[in-house]
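None of these values were measured; they are calculated from a predicted model.
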Amino acid sequence: MKTMSTMGWIIFFLGTFLFSRGWSRVSGTFEYNSSIPDKSVALIYISMGVFVIFISFFVKPLKDK
């Protein structure tokens with residue numbers, strides 16, 4: 001069973017944060033936010049979040065020698 005490294009978890013939470021901010025803007029939770037001005041920019045946040053979450057699964061822990 002593969003375990004994620006600390007860096008993998010940090011990257012995973014960053015992706016989750018990006019995804020949740022974008023999704024909350026699209027769903028209407030954030031009416032206006034200075035970092036996400038409209039819903040088309042929110043779609044970029046969602047796609048970046050999904051991509052970063054996907055990448056986080058490939059970060060492997062360092063092997064001890």
Side-chain angles (χ1 to χ4, degrees):
M1 180 175 186
K2 181 182 153 189
T3 59
M4 289 178 67
S5 66
T6 304
M7 185 58 76
W9 281 110
I10 291 170
I11 294 170
F12 178 79
F13 285 123
L14 175 68
T16 305
F17 176 74
L18 286 171
F19 179 78
S20 65
R21 289 201 31 127
W23 185 254
S24 61
R25 177 63 176 114
V26 167
S27 67
T29 306
F30 286 155
E31 288 302 321
Y32 180 78
N33 189 353
S34 61
S35 65
I36 307 175
D38 56 8
K39 292 185 179 183
S40 62
V41 176
L43 295 175
I44 295 171
Y45 272 68
I46 291 171
S47 60
M48 282 187 342
V50 169
F51 180 72
V52 170
I53 289 171
F54 179 72
I55 292 298
S56 74
F57 290 114
F58 293 106
V59 177
K60 296 181 182 175
L62 296 173
K63 301 228 181 203
D64 293 333
K65 290 184 178 182

Practice item. Please report the shortest heavy-atom distance between L18 and G49, naming the atom on each side. Key: CB-CA, 3.9 Å
Point to revise | With sequence neighbours excluded, residues passing side-chain contact (heavy atoms from CB on, under 4.5 Å) with L43 | key: V26, I46
Point to revise | Partners passing side-chain contact (heavy atoms from CB on, under 4.5 Å) against T16 (at least two apart in sequence or in another chain) | key: F12, I53
Check your understanding: Quick one: ring pair (Phe, Tyr, Trp, His ring centres under 6.0 Å) partners of F17, sequence neighbours excluded?
Key -> none
**Study point:** Minimum heavy-atom distance S24-S27, with the two atoms named
**Key:** O-OG, 3.3 Å
Point to revise | Closest approach of G8 to S56 (non-hydrogen atoms, all atoms of both residues) | key: O-CB, 3.6 Å
Review point. Per the ring-ring contact (aromatic ring centres under 6.0 Å, His included) rule, which among F58, F51, F57 passes with F54?
Key: F58
Point to revise | Least distance between heavy atoms, R25 atom then K39 atom | key: O-CE, 4.0 Å
